[in-house]
There are 2 protein chains.
Amino acid sequence: MTDPVAILLRCGVRPTSQRVAIADYILGARSHPSADEILAHVKKTCPAISRATVYNTLNLLVEKGLVTTQILREGTVVFDPIVDNHHHFIDEQSGRIYDIPWEALRVSGTADLKGFDVRRFQVVLRGRRRR
Amino acid sequence: MTDPVAILLRCGVRPTSQRVAIADYILGARSHPSADEILAHVKKTCPAISRATVYNTLNLLVEKGLVTTQILREGTVVFDPIVDNHHHFIDEQSGRIYDIPWEALRVSGTADLKGFDVRRFQVVLRGRRRR
DNA sequence: TCTCTTTTTAGACCGTATCTAAATTCATGA
DNA sequence: TCATGAATTTAGATACGGTCTAAAAAGAGA
Ligand SMILES: [Mn+2]
Ligand SMILES: [Mn+2]
Ligand SMILES: [Zn+2]
Ligand SMILES: [Zn+2]
């Protein structure tokens, strides 16, 4: 089920045209966009939309567990439709953020840290994307 | 050699009173402070110091390789006197950031990622600090 | 259709970070 | 010692991300 209207309804969120436009974009996005990037994109199909609605809706989608926020860029949060554990690679040249599947890396030792109750973790990698 | 004046001189940076106060604080800090937290602290001994000087000096220290910036908190960069590879644990309750030694964890698979030239990485862990 | 609730909106507001231009400090050498 | 110019500091302006407010608009239910 990938229809944004159905997804919103299933979460008990009224599928207004603004929310549908935002959900339609972010739920399929692979680019880890910021709120302002989402606003710019959604304005193409919904020109009167306001910044407040974009922030309100994104925060609502986070609350409903449909997207996550990630702290990977300086100065702004980015939104991620992948809610399950995964890692991130940041291209230092372009700033683009790529998803790395959870199974692609193995991390050991997190359970042995004395004094730290680790609930979740991710590896943040930086370098250069090879074409 | 842990004298901030000597450290600044060795890097070719004129050790003004403002810079010494900032370097003295951040080079020994274990708390991953933001620029404004550093400003607040340094104002105690250097009350006339300006925000611009704190930012200028911190950026200079980063340029000289004496401290690093880390993107771990929403809305602000934090500064870290540990310039070598290490990991970070974030207490979700308090927001405090703890250093995890590089040797405490083992990460495998980073060299096998097709299409990604990994130059460096760190594990970002979240959970609850056990006293 | 009427009414009440939910949603959207513009713009104010706040925090972080940078920039600008003037003032100050400092090194240097006459 | 003093004059000069370069480096540094400063207050305040500017820019941008994000939240809040209060009023307008839209929608659901009677
Ligand atoms: Mn803005
Ligand atoms: Mn900002
Ligand atoms: Zn992701
Ligand atoms: Zn650290």
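- In this model, the phosphate group of D/dT8 is approached by a side-chain N or O of B/R19 to a distance below 4.0 Å at OP1 or OP2.
- Distance from the side chain of B/T76 is smallest to C/dT16 among D/dT9, D/dA28, C/dT16.
- Around CZ of A/R106, the count of heavy atoms belonging to other residues, nucleotides or ligands within 6.0 Å does not exceed 12.
- Distance alone, capped at 3.5 Å, is enough to place a donor-acceptor pair between the B/T57 side chain and the B/T53 backbone.
- Distances from the side chain of A/A35 to the nucleotides C/dT16, C/dT7, D/dG18 place D/dG18 closest.
- Between B/I71 atom CD1 and C/dA17 atom P the separation is 11 Å, expressed in whole Å.
- Comparing A/V78 and B/T53, the nucleotide of DNA chain D nearest to each residue sits closer to the 5' end for B/T53.
- Straight-line distance from the CG atom of A/L39 to the C1' atom of D/dC16: 13 Å, rounded to whole Å.
- In this structure, A/Q18 reaches the C/dT9 phosphate: one of its side-chain N or O atoms is under 4.0 Å from OP1 or OP2.
- As a whole-Å value, the separation of A/I22 CD1 from C/dT8 P is 8 Å.
- Residue A/R73 contributes atom CZ, which lies 15 Å from atom P of D/dC16 at whole-angstrom precision.
- Taking side-chain N and O atoms only, B/Y55 has no distance below 4.0 Å to OP1 or OP2 of C/dT18.
- Interatomic distance, B/Y55 OH to B/I38 CD1, rounded to the nearest 0.5 Å: 9.0 Å.
- Taking only side-chain atoms of B/N59, from C-beta outward, the nucleotide of C/dA10, D/dG18, C/dT18 with the closest atom is C/dT18.
- Between A/W102 and A/H87, the angle of the ring planes stays under 30°, which puts this pair in the parallel group of the 30/60° scheme.
- A straight line from NZ of B/K43 to P of D/dT10 spans 10 Å, rounded to a whole angstrom.
- With C/dA10, D/dT10, C/dA17 as the choices, the nucleotide that has an atom nearest any side-chain atom of A/A52 turns out to be C/dA10.
- The base of D/dG18 lies close enough to the side chain of A/R51 for a donor and an acceptor atom to sit less than 3.5 Å apart.
- Rounded to an integer number of Å, the gap from A/L61 CG to C/dT7 P is 13 Å.
- Toward the 5' end of DNA chain D, the nearer of the two residues A/S34 and B/N56, judged by each one's closest nucleotide, is B/N56.
- Nearest nucleotide to the B/D36 side chain, out of C/dT9, D/dA7, C/dT16: C/dT16.
- In this structure, A/R14 atom CZ and C/dT5 atom P are separated by 13 Å, rounded to whole Å.
- A/R120 places no side-chain N or O within donor-acceptor distance of the main-chain N or O of B/L125, the cut-off being under 3.5 Å.
- Between B/T16 and B/G75, the residue anchored nearer the 5' end of DNA chain C, judged by the nucleotide with its closest heavy atom, is B/G75.
- B/E37 places its CD atom 10 Å from the P atom of C/dA17, with the value rounded to the nearest Å.
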